[in-house]
Each structure stands twice: as C-alpha cells, then as structure tokens.
Amino acid sequence: MAGSVQIHGTGQLLTLSRRLRAAGGPRLQQNFARRIRRTAEPLHRDLTSTITRLPLRSAGRGARRRGGPSPTQRPFRATLAGAVRISVRTGTNPGARVFFDPALLPPDISAGVLYQLDAGRLRHPVFGNRKRWANQTTPAGWWGRTVNRHTPRMRAEVERVLTDVRRQLE
C-alpha cells in the first residue's frame, strides 16, 4: 500500500539524538541529518522514476467515440512524482521519512490518486466531466515492492551512520 516509509524510533536512534543534543554540536547534528537524508535519497529517486514510468492502460474508446487532446498540458505522472518528498528529523522522533505529500498536487488531482494507482486501478472523470468516468489499470503494489527493494540497504546505512556518530561522540 502506498504510504510513507519510515526508519525511526529505534532505541539507538533516539538515544543518539539525545546525546547529539547534549553534546551541543550543531555541526555533528547537521552531519547526522545529512547522512540520514542521503540514505533515503536512492529510495526517493527510485520511487519518482517508478511513478514516471508507470504504465497506465485503459480500455480505449469504442467505435465512433469522440476524443481529443488533454485540456491541460501538465504531465500527470511527473506531477505525482513531484509530490514524493523526504523529511529528516533529529528531534524527539529522529529518522527519515519518504512520503507522498498531497499538498503539492494541483487542486484538480485528488489526494487519494496515488493509493488508487498502488491498488492497480485509477477511476477518474473524463476531462473533469463527472457524468462520464474512465478506468485505467496499472500493476498493483508497485510502491511496496520499491520500498522493500531498498529497506535492507537503508537499514545497513543507518546502522553505519549510527556507528560513525557514536564513535565521534566517544
């Protein structure tokens, strides 16, 4: 299911965050945050490229049906890919989060569109006409598969960052 990916809240990460604040080293905190962000960036890039390459298939038009160009020149998949973000926190709940931010979507695109795509079916009005609806299909579960491919690498990277920072604190 589409949603956010979080590696946080582990006891080690929380303890380390407290020690960073107690040590009072803003440079050390910035270094920690930058390395955690870099850990999440390959997943972010892979999710955005997966979204832009998603095959959206439809049943197509029947015989003697009208058609035409899209009323917007905005690329749909690129708009969705632009709404995938990374958030890094070093406060009380430290960690990195890769998530879909519906606030970055234009008002005519529903916030639930990514969840529909991950489910394998996108149902939408034809050019905004709520009397005519279209169904488009895509392979289901692509968000989870992409995240699962990156999870072992991210866990190992976070462990390495924790070890390095812990070594600097001692």
Using a cut-off of 6.0 Å, state whether more than 12 heavy atoms not belonging to Arg130 lie near its atom CZ. no
Contacts of Ala33 meeting side-chain contact (heavy atoms from CB on, under 4.5 Å) (sequence neighbours excluded), chain-then-number -> Val88, Thr90
Applying the 4.5 Å side-chain criterion to the ILVMFWY set and letting contacts propagate, would Phe99 and Leu104 be lumped into a single cluster? no
Judged by modelled atom types alone, do Arg145 and Asn148 share a side-chain donor-acceptor pair under 3.5 Å? no
For a side chain to side chain contact (heavy atoms under 4.5 Å, CB included) check, start with the C-alpha distance between Asp164 and Arg35, then their side-chain angles and the critical distance, and finish with the verdict. CA-CA 10 Å; Asp164 290 348; Arg35 289 184 66 189; 2.8 Å; yes
Between His44 (side chain) and Val84 (backbone), is there a donor-acceptor pair under 3.5 Å? yes
To check you understand the geometry: which heavy-atom pair defines the closest contact between Leu80 and Phe100, and what is its length? O-CE1, 3.7 Å
Applying salt bridge (charged side-chain N to carboxylate O under 4.0 Å, His left out) to Arg149 and not counting sequence neighbours gives Asp46
Residues Thr151 and Val147: closest non-hydrogen pair is OG1-O, 2.8 Å
Taking all atoms of both residues into account, what is the closest heavy-atom pair of His124 and Trp133, and its distance? C-CE3, 3.3 Å
Arg121: salt bridge (charged side-chain N to carboxylate O under 4.0 Å, His left out) partners, not counting sequence neighbours: none
Nearest heavy atoms of Val98 and Ala40, plus distance in Å: CG2-CB, 3.9 Å
Results of side-chain hydrogen bond (donor to acceptor under 3.5 Å, both in side chains) for Ser49 - residues two or more places apart only: Arg53
What are the two closest non-hydrogen atoms of Pro42 and Arg153, and how far apart are they? CB-NH2, 3.6 Å
Can you check whether Trp143's main-chain N or O pairs, donor with acceptor, with Asp118's side chain at less than 3.5 Å? yes
Salt bridge (charged side-chain N to carboxylate O under 4.0 Å, His left out) with Arg160: which residues, sequence neighbours excluded? Glu157
Would you please test Ser87 and Arg89 for side chain to side chain contact (heavy atoms under 4.5 Å, CB included) and show each step? CA-CA 7 Å; Ser87 170; Arg89 296 167 316 281; 3.9 Å; yes
Partners of Pro55 by side-chain contact (heavy atoms from CB on, under 4.5 Å), sequence neighbours excluded? Arg57, Thr138, Pro139
Checking side chain to side chain contact (heavy atoms under 4.5 Å, CB included) for the pair Leu117/Leu56: CA distance, chi angles, key distance, verdict? CA-CA 9 Å; Leu117 285 174; Leu56 279 173; 3.4 Å; yes
Carefully, step by step, assess Asn31 and Arg34 under the rule side chain to side chain contact (heavy atoms under 4.5 Å, CB included). CA-CA 5 Å; Asn31 184 26; Arg34 185 182 70 244; 2.8 Å; yes
Sequence-distant partners of Thr79, side-chain contact (heavy atoms from CB on, under 4.5 Å), two or more places apart: Arg74, Leu105, Pro106, Ile109
Excluding sequence neighbours, so at least two apart, what forms side-chain contact (heavy atoms from CB on, under 4.5 Å) with Glu41? Arg37, Arg38, Arg45, Ile86
Tell me every residue that passes side-chain hydrogen bond (donor to acceptor under 3.5 Å, both in side chains) with Arg77, counting only those two or more places apart in sequence or in another chain. none
Interatomic spacing from CG in Leu43 to CG in Leu47 - rounded to 0.5 Å: 4.5 Å
